[in-house]
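See below for the structure under consideration.
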Amino acid sequence: MFECSIDYLRSTPKSNKMAFLLVFLLFIAAVSSDLRISFKTHVTSSNPHTYLRQAGPSVSEFNPLDFFMSYDETNQWLKALTLQYPHKCKLETVGQSYEGRDINAITINYDKPTKVILLANLHAREWAAMTAAIYIIHELILDSDSYPEAGQLQWIIIPMPNPDGYEYTRLEDRIWRKNRTPQANNAVGVDLNRNFGFQWEMLMNAVDDNPREETYRGTGPFSEPESRVIGKVLRDHADATLFLDMHTYGQYILIPWGYTDEPAPNAEKARAVAKAGSEAIFNNVYKVGTPGELLYKVSGSSLDYCNSIGIKVCIAIELTQGGFEISPQEIIPYGTEAFAAVQAMALEAN
């Protein structure tokens with residue numbers, strides 16, 4: 001096309017060249033504009049990094065529900081939210097991982113007294129938990145008018161408490177579970193959900209004491225920087241109405257205790273809250289019970305530690321049913337499912 005245009009200019013009288021050039025430049029500008037609009041409208045997971053560089057700090061410039069964001073992209077988006085909506089949310093670094101990455105918490109409706117703490121992706125490979133947290137943040141801030149009851153609650157959300165492990169799943173091993181601290185015998189990593197400081201010393205399974213196993217519990221309670229950070233957040237907000245730890249997979253809503261079949265002191269209330277969450281999910285049946293009832297007993301979990309420090313209701317939810325890997329097209333459906341359950345449990349707990 002460009003060669004034909006040049007030939008035309010050479011053969012055209014001088015009086016007509018300026019008019020042709022003007023039309024030609026207007027054509028190029030229109031095409032460029034269309035391409036920019038198309039790019040913004042149809043961006044997919046195939047090229048998010050280039051798109052994010054063009055997007056800049058405005059949250060309206062890209063959709064975080066179209067692809068699996070990296071650690072840096074997630075923080076970029078969270079920061080953009082707090083810059084654009086300072087009256088709705090604030091971002092705080094609550095600690096650092098072993099490899100020195102910031103662990104960030106976003107607080108939404110920070111002027112409301114009733115607190116809900118939401119944790120996701122404690123296990124690195126459970127991406128649907130992280131994207132569900134991103135979906136919930138997205139809806140609470142960008143579509144808050146659709147959720148007036150949720151707008152009366154203060155939400156403290158940590159979407160990526162295990163950033164080292166998450167980045168390792170992106171770049172090296174998709175099904176990695178633990179964090180990335182060096183361990184004995186050249187092993188790496190601790191299962192953070194076996195490392196909390198309540199009933200840690202109760203060894204439920206021999207493999208939990210083997211550094212090479214994916215459920216290795218660590219050298220002691222709170223031996224890991226990431227679990228210490230989450231433990232402090234829970235203690236700092238022990239007046240919370242609800243704590244939710246989101247995992248995948250299996251379609252379970254779990255209540256304390258995890259380490260024993262004995263009922264927790266607030267088991268009746270926790271079961272009612274979990275049941276409300278299960279009933280709010282229309283397309284799937286989530287079973288409600290203790291880890292021992294539905295899966296297996298576990299010690300040193302965030303669920304039990306939360307309950308031990310007096311948070312009103314503590315829940316763990318296992319989202320999805322098909323495995324640890326989901327497609328980008330499933331981010332919104334699973335996010336919608338998670339938010340339905342989470343909002344129902346938050347309202348029931350309150």
Side-chain angles (χ1 to χ4, degrees), residues 115-123 126 129 156 158 161-162 177-179 190-209 213-248 250 252-275 277-278 286-319 341-342 345-346 349:
K115 299 176 183 177
V116 175
I117 305 171
L118 185 61
L119 185 69
N121 205 214
L122 198 59
H123 289 148
E126 297 171 8
I156 303 166
I158 305 177
N162 182 9
R177 173 184 173 100
K178 302 183 285 184
N179 72 350
V190 167
D191 181 344
L192 297 175
N193 209 32
R194 302 287 191 281
N195 192 242
F196 285 82
F198 181 74
Q199 298 296 335
W200 175 90
E201 66 282 354
M202 182 176 287
L203 184 62
M204 309 300 299
N205 194 320
V207 298
D208 296 350
D209 215 26
E213 296 291 339
E214 65 178 12
T215 59
Y216 176 54
R217 63 178 180 164
T219 57
F222 287 127
S223 63
E224 305 309 295
E226 297 88 354
S227 59
R228 290 197 298 271
V229 167
I230 301 308
K232 184 177 186 303
V233 169
L234 294 180
R235 293 191 299 275
D236 288 347
H237 300 283
D239 59 339
T241 295
L242 177 65
F243 167 71
L244 280 160
D245 186 6
M246 297 201 302
H247 291 263
T248 68
Y252 302 107
I253 302 180
L254 306 172
I255 64 174
W257 298 112
Y259 76 97
T260 179
D261 288 327
E262 293 295 319
N266 59 344
E268 186 175 340
K269 175 67 173 177
R271 198 173 290 270
V273 170
K275 185 178 179 182
S278 178
Y286 275 61
K287 296 180 180 179
V288 171
T290 66
E293 289 171 346
L294 299 179
L295 296 168
Y296 46 79
K297 296 186 186 70
V298 58
S299 59
S301 68
S302 67
L303 177 68
D304 284 359
Y305 181 74
C306 163
N307 210 56
S308 75
I309 64 173
I311 289 178
K312 186 176 179 181
V313 178
C314 305
I315 300 286
I317 183 169
E318 296 279 354
L319 300 165
V342 167
M345 288 190 281

So, taking the atom named [atom1] in [X] and the one named [atom2] in [Y], what distance separates them when rounded to the nearest 0.5 Å?
X    : Y    : atom1 : atom2 : answer
N121 : T248 : CG    : OG1   : 8.5 Å
I156 : H237 : CD1   : NE2   : 4.0 Å
D239 : K312 : CG    : NZ    : 11.5 Å
L234 : C314 : CG    : SG    : 8.0 Å
S301 : D245 : OG    : CG    : 8.5 Å
T219 : E224 : OG1   : CD    : 6.5 Å

Is the closest side-chain heavy-atom distance between [X] and [Y] below 4.5 Å?
X    : Y    : result
L119 : P161 : yes
R217 : D209 : yes
V288 : R271 : yes
D261 : K297 : yes
I158 : I230 : yes
H123 : N162 : no
D304 : Q199 : no
R194 : M204 : no

**Q.** Other residues, nucleotides, ligands: >12 heavy atoms within 6.0 Å of E262 CD
**A.**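 No, because the 6.0 Å sphere around CD of E262 holds 12 heavy atoms or fewer from other groups.
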Q | Heavy-atom neighbours of E201 CD exceed 12 at 6.0 Å | A |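 Atom CD in E201 is packed in, count exceeds 12.
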Q.
Out of the candidates L122, I317, L254, L319, only one should pair with H247 under the side-chain contact (heavy atoms from CB on, under 4.5 Å) rule; please name it.
A.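 The side-chain contact (heavy atoms from CB on, under 4.5 Å) with H247 is passed solely by L122 among L122, I317, L254, L319.
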For [X] against [Y], the heavy-atom pair lying closest together:
X    : Y    : answer
N205 : L203 : O-CD1, 3.3 Å
K287 : L294 : O-CD1, 3.7 Å
L303 : A316 : CD1-N, 3.7 Å
I255 : A274 : CG2-CB, 3.9 Å
S308 : F198 : CB-CD1, 3.5 Å
A240 : I311 : O-CG2, 3.6 Å

Q) Would F243 and S302 count as a side chain to side chain contact (heavy atoms under 4.5 Å, CB included) if you check the C-alpha gap in whole Å, the side-chain angles of each, and the deciding distance to 0.1 Å? A) CA-CA 9 Å; F243 167 71; S302 67; 3.9 Å; yes
Q: Can you label the angle between the Y305 ring and the F222 ring as parallel, tilted or perpendicular, going by 30° and 60°?
A: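 Rings of Y305 and F222: perpendicular, over 60°.
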Q.
Is it true that S223 and N195 share a donor-acceptor pair across their side chains at a distance under 3.5 Å?
A.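 The criterion, which ignores hydrogens and geometry beyond distance, is satisfied for S223 and N195.
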Q: Please determine, by modelled atom types, if D191 and T215 share a side-chain donor-acceptor pair under 3.5 angstrom.
A: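 Absent: no donor and acceptor within the cut-off.
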Q: Assess whether side chain to side chain contact (heavy atoms under 4.5 Å, CB included) is satisfied between M345 and I253, documenting all intermediate values.
A: CA-CA 10 Å; M345 288 190 281; I253 302 180; 4.0 Å; yes
Q.
Evaluate V342 against M246 for side chain to side chain contact (heavy atoms under 4.5 Å, CB included), listing each step before the verdict.
A. CA-CA 10 Å; V342 167; M246 297 201 302; 4.2 Å; yes
